[in-house]
Amino acid sequence: MELDVSEVRKDFPILGTKRSGKRLVYLDSAATSQKPSSVIDAVGYYYRNYNANIHRGLYGIAEKATEAYTDSKRLVAKLINAESYRNIVYVRNTTEAINLVALSWANANIKKGDTILITQMEHHSNIVPWQLLAKRKGAKLDYVGLTKGNMLVDMDNYREKLGNNPRLVAFTHVSNVLGVINDAKLMSSLAHKSGAKVLVDGAQSVPHLSVDVKDIDCDFFAFSGHKMLGPAGIGVLYGKEELLEEMPPIFGGGDMIRSVSFDGSTWNELPWKFEAGTANVEGGIGLGAAVEYLNNVGIPRIREHEKKITRYALSKLAEEKVSVYGPGSVKDFESKKAGVLSFNIKGAHPHDVASIFDSEGICIRAGHHCAMPLVNKVIGEPAAARMSFYLYNDEEDVDRAVSTISKVRKILHIS
Ligand code: PLP
């Protein structure tokens, strides 16, 4: 059944507000998503009714908070088809999840001269932790190139680079600039054949696509709550149990220990071993509510809806003679592109474009999108404008954006 966007929007209080006297059009969900009332209410309800520290109190509301926090992990585990909540480590965001793997598993396993392989389409959060690690260890960081035009991962180049037997392959499931959807299952299986461990950055996939970590067979999978209707400050590292078991914790303190003596400590069981100190309880509870909301709507329905708007937007942008970076033709976007469209209007700086959009009550992103090597070197521009869609956007939002492009040209005297 198709999504009824006007009904969906009623669930998101901010989308009922106006900017510059016009209905707010939010086209920046790749940066962060808006939040439905059920998520806002779940967090408020927790604070009003059972706020307590978890894993500590022996009284009713503390037990209830502990149960709600663990239940949210059960929901997250089910969403990505993980074995159990034991595989779900809560962190602050995707960035922290990737850094945790870099500082723990990779720090223990990557040696001088080893290779870490990533792609040229990574977000800074899947580049910089590996640059830091490579520098510390004397390891090599290598990048898989992209195909010309469509900017997909060049699979020939990937196979060739796997021939160097990297210790770790880390790649994004969906690019936050190009919207490219990588074949994570194929990339993971090829990497495993070459003896590498695999980390997938799922920041842009979990909110929009059905994700099955068992089917992908990755070793680690990272994502952020705030991009999937949940609160900021809560993110997820999924890891295979045997790897999480062998990994040392990176933060020490309360809750992550089984015992502490003057001579040393032993670690708590999974996943708590990696969660030192008081948890982001409200974040976990809010994320659980977000997963429930996504389940009620249905991720496959959201994906179909986004395909429809993306198809519509691509054709409207083509009419306006604006081309998007990456797989942009209506023919090839279906399986390879999510609802993320980066573009430039010839003769206009993307920052000017974004501020003219803002004056029309439309939020888009402009800049390097935390992917400077991709934007500056591969695309070859200092910056780009980006529209990204979610379940609360529709064709009317696209029409508002497209008519603003004409306005940009008029204001900036671009013929
Ligand atoms: N990876 C990708 C592909 C992203 O789009 C983002 C955020 O935009 C991140 C990682 C980092 O996410 P966070 O800032 O929530 O850690």
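Counting starts at 1 for both ligands and their atoms, in listed order.
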Participant: Measuring only between side-chain heavy atoms, which start at C-beta, is I411 closer than 4.5 Å to D352?
Facilitator: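 I411 does not reach D352 side chain to side chain.
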Participant: Do the side chains of K321 and K346 get nearer than 4.5 Å, heavy atoms only?
Facilitator: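 No, too far: nothing below the 4.5 Å cut-off.
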Participant: Name the closest protein heavy atom to atom 1 (N) of ligand 1, giving the residue it belongs to and the distance to 0.1 Å.
Facilitator: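 That would be D201 OD2, 2.5 Å.
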Participant: Enumerate the atoms of ligand 1 whose separation from the nearest heavy atom of N176 is less than 4.0 angstrom.
Facilitator: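 Those atoms are 5 (O).
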Participant: Under a 3.5 Å cutoff, is there a donor and acceptor pairing between the side chains of S29 and Y392?
Facilitator: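 Note: S29 and Y392 side chains meet the donor-acceptor criterion.
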Participant: Please check whether S224 reaches ligand 1 - meaning an N/O of the residue sits under 3.5 Å from an N/O of the ligand, judged on distance alone.
Facilitator: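 Yes, there is a polar N/O contact under 3.5 Å.
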Participant: Provide, to 0.1 Å, the distance between atom 4 (C) of ligand 1 and the closest protein heavy atom, together with that atom's residue and name.
Facilitator: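 For atom 4 (C) of ligand 1, the nearest protein heavy atom comes out as H123 CD2, 3.3 Å.
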Participant: Under a 4.0 Å heavy-atom limit, does K227 contact ligand 1 with its side chain, its backbone, both, or neither?
Facilitator: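 Looking at K227 and ligand 1, just side chain atoms fall under 4.0 Å.
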Participant: Report the nearest protein non-hydrogen atom to atom 16 (O) of ligand 1: residue, atom name, distance rounded to 0.1 Å.
Facilitator: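 For atom 16 (O) of ligand 1, the nearest protein heavy atom comes out as T95 OG1, 2.5 Å.
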Participant: At less than 4.0 angstrom from any non-hydrogen atom of Q204, what atoms of ligand 1 do you find?
Facilitator: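 Taking each heavy atom of Q204 in turn, ligand 1 has 3 (C), 4 (C), 5 (O), 8 (O) under 4.0 Å.
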Participant: Going by the atom numbers of ligand 1, which of them fall below 4.0 Å from some non-hydrogen atom of T172?
Facilitator: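 Those of ligand 1 that fall under 4.0 Å from T172 are 3 (C).
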Participant: Step through it carefully: locate the ring centre of Y293, locate the ring centre of F12, and say whether they are under 6.0 Å apart.
Facilitator: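 Ring centres of F12 and Y293 closer than 6.0 Å.
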Participant: As a check for students: among S125, S388, G233, identify the option with a heavy atom nearest to atom 10 (C) of ligand 1.
Facilitator: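 Nearest option to atom 10 (C) of ligand 1, by heavy atoms: S125.
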Participant: Does the side-chain hydrogen bond (donor to acceptor under 3.5 Å, both in side chains) test come out yes or no for Y90 and E275, once each step is laid out?
Facilitator: CA-CA 7 Å; Y90 276 167; E275 297 185 29; over 6 Å; no
Participant: I'd like to check which ligand 1 atoms, numbered from 1 as shown, lie under 4.0 Å from a non-hydrogen atom of A203.
Facilitator: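 Per the distance check, 1 (N), 2 (C), 4 (C), 6 (C), 9 (C), 10 (C).
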Participant: With a distance cut-off below 6.0 Å to the six-membered ring centre and an angular limit of 45° from the axis, does K197 pair with F220 as a cation-pi contact?
Facilitator: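 K197 over F220 ring: no.
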Participant: Report yes if some N/O of E96 lies less than 3.5 Å from some N/O of ligand 1; otherwise report no.
Facilitator: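 No: no nitrogen or oxygen of E96 is under 3.5 Å from one in ligand 1.
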Participant: Would you say E122 touches ligand 1, if touching means a heavy atom closer than 4.0 Å?
Facilitator: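 So E122 does not count as touching ligand 1.
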Participant: Going by atom types only, do S188 and D217 share a side-chain donor-acceptor pair under 3.5 Å?
Facilitator: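 Looking only at side-chain atoms, D217 and S188 do not form any donor-acceptor pair under 3.5 Å.
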Participant: Should the pair E67-R74 be classified as a salt bridge under the 4.0 Å nitrogen-to-oxygen rule?
Facilitator: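 Answer for the salt bridge query: yes.
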